[in-house]
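Before any comments, here is the structure.
Residue numbering restarts at 1 for every chain, and letters A, B, ... go by the order of the sequence lines. Values below: every heavy atom of this structure, side chains too, minus hydrogens, waters and symmetry copies.
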Amino acid sequence: MCGRFTLFEPDKMLAKSFDLGEIPRLAPRYNVAPGQPVAAVRASSSGGARELAFLRWGLIPSWAKDPSIGGRLINARAETVGEKPVFRNAFRRRRCIVPASGFYEWQRTERRKQPYYIRMRDGRMFGIAGLWDRWEGEDGSVAETCAVLTTAANAALAPVHDRMPVILDPGVYDRWLDIAAGAPGSLQPLLVLFPPDEMVAFPVGFGVNDPSVDDEGCIAPL
DNA sequence: CCAGACGTTGTT
DNA sequence: GTCTGG
DNA sequence: CCAGACGTTGTT
DNA sequence: GTCTGG
């Protein structure tokens, strides 16, 4: 699964990697947690270009009566996302990409849970496949929220955990974001296993466990 | 028909 | 909204 | 994902 | 144990 990640690339790098125009200044993040605003790339509502939107992590379906459901919908299984009532509509019409510098997984041992940090070997940022939705409350309040897709762990992650986020090849960004793009079935091939050789995973300290800790220490190798 | 769930993870 | 269970 | 709360009564 | 908040 994916329950924490980082995004500390300079704004210009982010804009360049995801072909965005002007974007607001972002504070470097070393511990993005569910419930918090996430910078996400999606098709612009005005059509054509991409935009960067801030979506709360934890998807609230538009039809939800109780928005607290969003607290639990931080991940969507890639294997079933096209069929599940909670995600199906978002999968068809509201896909996004969550830029990340890396992410965390917790390895369960008999004694404790050891956090690991995972990033690209060359340090480059990458895009996680996501979905978003827009919810309007009775009182007119609006929440734009998101979830990230997960899939089976590749060889790089397997020793740590059995699931990992779906990392998109940059070559498919356009198709993933294109809301008009064909049937859900045609998107499944985009959700392929990311090459494990390009990734590294290493244990880090327990600082990341506390969501209020958000500094470079989170990703320092043990 | 209406009522109630709609999810993932991990753990048992 | 849409599906499942009763 | 993890951390931290989880309650009522009455008083300020 | 389970829910909420971050």
Side-chain angles (χ1 to χ4, degrees), chain A residues 1-7 27-40 54-95 98 100-119 128-138 141-153 157-167 184 191 201-215 217-219 222:
Chain A
M1 110 314 327
C2 179
R4 302 287 178 89
F5 68 94
T6 66
L7 178 62
R29 297 296 310 275
Y30 297 90
N31 194 4
V32 181
Q36 298 177 356
V38 163
F54 293 90
L55 311 172
R56 190 150 58 89
W57 190 4
L59 189 140
I60 306 172
S62 59
W63 41 261
K65 290 187 196 75
D66 180 2
S68 70
I69 188 176
R72 301 183 293 286
L73 303 180
I74 64 170
N75 293 149
R77 293 176 68 90
E79 299 91 329
T80 55
V81 68
E83 300 144 26
K84 297 287 184 183
V86 174
F87 298 126
R88 195 178 47 191
N89 220 34
F91 184 63
R92 278 200 291 249
R93 302 168 46 94
R94 288 180 297 278
R95 297 181 294 276
V98 177
S101 306
F103 61 94
Y104 299 94
E105 298 288 357
W106 278 258
Q107 181 183 56
R108 286 167 187 279
T109 67
E110 286 183 13
R111 302 193 50 118
R112 57 183 187 174
K113 292 188 193 175
Q114 174 63 51
Y116 279 69
Y117 184 58
I118 300 96
R119 60 167 170 78
I128 301 172
L131 310 172
W132 65 277
D133 214 331
R134 179 188 166 88
W135 178 85
E136 292 186 34
E138 302 272 328
S141 60
V142 171
E144 288 195 325
T145 59
C146 67
V148 297
L149 271 62
T150 63
T151 188
L157 266 291
V160 179
H161 196 70
D162 62 344
R163 306 288 298 175
M164 65 179 276
V166 173
I167 299 172
L191 311 179
F202 52 85
V204 294
F206 290 89
V208 66
N209 283 9
D210 185 342
S212 71
V213 175
D214 187 0
D215 56 46
C218 291
I219 64 170
L222 270 195

Atom-pair distance (CZ on A:F91; C1' on C:dG1), nearest Å: 18 Å
Validation row: A:R163, A:R77 side chains within 4.5 angstrom (heavy atoms): yes
Rounded P spacing from D:dG7 to E:dT4 in Å: 11 Å
Interatomic distance at C1', B:dT8 relative to D:dC1, whole Å: 11 Å
Nearest-0.5 Å distance, OG1 of residue A:T80 to CG of residue A:L149: 9.0 Å
A:R94 side-chain N/O to A:W132 backbone N/O, donor-acceptor pair under 3.5 Å: yes
Non-hydrogen side-chain atoms of A:F103 and A:I167 separated by less than 4.5 Å: yes
Spacing of the C1' atoms in D:dC2 and B:dT9 (rounded, Å): 13 Å
Donor-acceptor under 3.5 Å (A:W57 side chain, A:A33 main chain): no
Contact check, side chains of A:F5 and A:V98, non-hydrogen atoms, under 4.5 Å: yes
Flag side-chain contact, heavy atom, 4.5 Å: A:L131 against A:L59: yes
Touch class at under 4.0 angstrom, heavy-atom based, for A:Y104 against every strand present: nothing
Side-chain donor/acceptor of A:E105 to backbone N/O of A:G3, under 3.5 Å: no
Terminal contacting nucleotides, 5' and 3', DNA chain D versus chain A (heavy atom, 4.0 Å): D:dC1 to D:dA3
Sugar-phosphate, base or nothing in reach of A:L59, heavy atoms under 4.0 Å: nothing
A:W135 side chain vs A:P67 backbone, donor-acceptor pair below 3.5 Å: no
4.5 Å side-chain heavy-atom contact, A:V204 and A:C218: no
I'd like a table of atom pairs between the protein and nucleotides 2-5 of chain E - only N or O on both sides, under 3.5 Å - with the distance next to each one.
none

Secondary structure string for DNA chain D (Watson-Crick or G-U under 3.5 angstrom, | for other-strand pairs): ||||||......
CG-CZ distance between A:L222 and A:F206, expressed to the nearest 0.5 angstrom: 7.5 Å
Sugar-phosphate, base or nothing in reach of A:D214, heavy atoms under 4.0 Å: nothing
